[in-house]
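Take a look at the structure set out below.
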Protein chains: 2
Amino acid sequence: MTAISLRAWQVVLDAVELDLLEGRLSPGDHLPPERTLAADLGVGRSSVREALRVLEVLGLIRTAAGSGPSAGAIIVARPGGGMSSLMRLQVAAQGFPVADVVKTRLVLEGFIVAELAEACRTSTPDLTSSAQILTAMEEHSLTEAEFLALDAQFHLSLAEASGNLVITATMAGLRSAIEGYARAGALGLASWPKTSARLMLEHRSILRAILTGQADAARLAVQAHISGYYAETHLTAH
Amino acid sequence: MTAISLRAWQVVLDAVELDLLEGRLSPGDHLPPERTLAADLGVGRSSVREALRVLEVLGLIRTAAGSGPSAGAIIVARPGGGMSSLMRLQVAAQGFPVADVVKTRLVLEGFIVAELAEACRTSTPDLTSSAQILTAMEEHSLTEAEFLALDAQFHLSLAEASGNLVITATMAGLRSAIEGYARAGALGLASWPKTSARLMLEHRSILRAILTGQADAARLAVQAHISGYYAETHLTAH
DNA sequence: GACGAGCTGTGGTCTGACCACACACTATAC
DNA sequence: GTATAGTGTGTGGTCAGACCACAGCTCGTC
């Protein structure tokens, strides 16, 4: 045996992963009932539940009680769900310094907008939802929290437009990790109306750079946008 | 109440997260014993265990039976541990296309080596472990698996040298996600000695570009290195 | 045919029990 | 006095059983 005394819940996890890799399970499929799974794998139901809990937090399955087609544990492969939890908790546990989180966001978002801009030179990526969010943000009656939520949604919509699921999921995780921090920083800003107006202008210029195919300009704009807000809130937070 | 009927294990998860955020728990600290935690939070021990299992997979805690200072559940905030599981399972469940994984790796590694090269112009980042790995890879008696393991270790060591924990963790996750794929691809290569020799040369040139401060050259080299191997194995795998 | 009560299977939770393990303590032997 | 062996204690690991809430299905009644 290569692995002796594997934890019972790991046995379950490995079995599910193997079923996924070998095609016996696919998104949309139902996992066997917990009791059946326990009996088949020769472990207790508690161990099965621990493994299922992990899969649920990782965004791989969705569980529902009751009976019928919608009940039970269903493979959903929802990317990003687990990433958010992971990032949030790691930041909470000081595993991830916020500065590193911001820098990673700079890299990924810079790439995304540059790629989108490149794509705009030959085709027309779907950026309507991004534009719609910007329009919604111009509503003057928005609270800070609402504005920041839309702000985050805008950045996420760009990632989604890029079509890269991994980057989208990572971005979602990073965003939720920064959220509390950004919110707290906003409260200490000298002038929220002034900052929000600036953020809006920056958003517009980012989108314009993308649509006109200026990859470098888009990258620089989004990076200045992110690091600018970070620096501003970082300073006032101290 | 904003959230009614929260799952019992979520109560535990939230409580731990709150303790982390409020500083009542820090890396190195022990969590209360499962039975105590259950009693304090008013849930059953099973629910506590489900939450602890999630924290363990996410790389936040390490559990050990027995008594004494090393036993119990300890906050470790080991970044990357959870990321690996997450990426592996998401790829297994077809949540993350391999192409997206590779592209993300291109972006992140390109940034890392460029940043390292920039740093080399003004200081001397610690790249000794990276260099040592390359030396170890020149051993002719290595099997394919051993060579690829060192290859992965080399890329990871570059990320570690950059000092960015988030990128390092993400890289670790991406790497383990590709590992099986890369391994499978290597088996179908026309000439392993030829490929491995090329990979070695590429590694050397990447490291040389970093040490001489040529950021752009380093980025291009590492991106060609990754996408080259991907394209090669991708083709032969079909 | 329409409706409703009851049945069934599912996840959610708790309790209690037992085991294996690692350390701390104590008693014994030298 | 020191070293060693044995025991005690608290921990996580696992299991079995029980009960609940819920959602859908079945079947009898009207």
Side-chain angles (χ1 to χ4, degrees), chain A residues 1 3-16 19 25 28-76 78 81 85, chain B residues 1 3-16 19 25 27-78 81 85:
Chain A
M1 295 299 169
I4 57 170
S5 80
L6 206 58
R7 303 259 169 271
W9 57 271
Q10 273 180 326
V11 171
V12 181
L13 223 49
D14 289 351
V16 173
D19 281 349
L25 285 177
D29 288 352
H30 279 69
L31 254 61
E34 297 178 355
R35 292 162 178 87
T36 306
L37 215 43
D40 289 350
L41 299 174
V43 299
R45 193 182 161 211
S46 324
S47 305
V48 171
R49 298 200 95 257
E50 291 179 19
L52 293 189
R53 208 54 54 224
V54 171
L55 292 176
E56 184 171 351
V57 171
L58 257 40
L60 235 78
I61 64 173
R62 178 184 64 75
T63 62
S67 82
S70 69
I74 307 178
I75 312 271
V76 291
R78 182 169 51 91
S85 312
Chain B
M1 295 301 169
I4 57 169
S5 80
L6 208 58
R7 301 262 169 269
W9 58 273
Q10 273 181 325
V11 172
V12 181
L13 222 49
D14 288 351
V16 173
D19 281 349
L25 284 177
D29 289 351
H30 280 69
L31 254 62
E34 297 177 355
R35 294 164 176 85
T36 306
L37 215 44
D40 289 351
L41 297 174
V43 299
R45 193 179 162 215
S46 326
S47 305
V48 171
R49 287 185 58 72
E50 290 179 19
L52 292 189
R53 206 56 53 224
V54 170
L55 291 176
E56 183 171 350
V57 171
L58 257 39
L60 235 77
I61 65 173
R62 178 184 65 74
T63 62
S67 81
S70 69
I74 306 176
I75 312 272
V76 291
R78 181 171 53 90
S85 311

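Numbers restart at 1 for each chain; the letters A, B, ... are given by sequence-line order, proteins then strands.
Each of B:Ile74, B:Val12, B:Leu25 was scored for a side chain to side chain contact (heavy atoms under 4.5 Å, CB included) with B:Leu31, with one residue passing: B:Leu25.
At whole-Å resolution of the value, CD1 in B:Ile61 and P in D:dG12 are 9 Å apart. Computed from coordinates, the A:Arg45 CZ to C:dG12 C1' distance equals 7 Å when rounded to whole Å. Atom pair A:Leu37:CG and C:dG9:P shows a separation of 18 Å (rounding to whole Å applied). Computed from coordinates, the B:Glu34 CD to D:dG10 C1' distance equals 12 Å when rounded to whole Å.
Base engagement by B:Gly66 is indicated by at least one non-hydrogen atom pair under 4.0 Å involving a base atom. Across all strands, B:Arg53 comes closer than 4.0 Å only to sugar-phosphate atoms, never to a base (heavy-atom distances). At the heavy-atom level, B:Ser46 lies under 4.0 Å from base atoms of the strands shown. In this structure, A:Ala71 reaches neither bases nor backbone, as no heavy-atom distance under 4.0 Å exists between it and the strands shown. Backbone-only contact: B:Ala64 has heavy atoms under 4.0 Å from sugar-phosphate atoms and none from a base.
For the pair A:Arg35 and C:dT10, the criterion of a side-chain N or O lying under 4.0 Å from OP1 or OP2 is not met.
Between B:Arg53 and B:Glu50 there is no salt bridge, since no side-chain N of the basic residue sits under 4.0 Å from a carboxylate O of the acidic one. Looking at A:Glu56 and A:Arg62, no side-chain N of the basic residue comes within less than 4.0 Å of a carboxylate O on the acidic one, giving no salt bridge.
Comparing D:dG12, C:dG12, D:dC25 against the side chain of A:Arg49 picks out C:dG12 as the nearest.
In terms of modelled atom types and a separation under 3.5 Å, the side chain of A:His30 and the main chain of A:Ala71 share a donor-acceptor contact.
Nearest-nucleotide assignment on DNA chain D puts the 5′-proximal partner with A:Val43, out of A:Ser70 and A:Val43.
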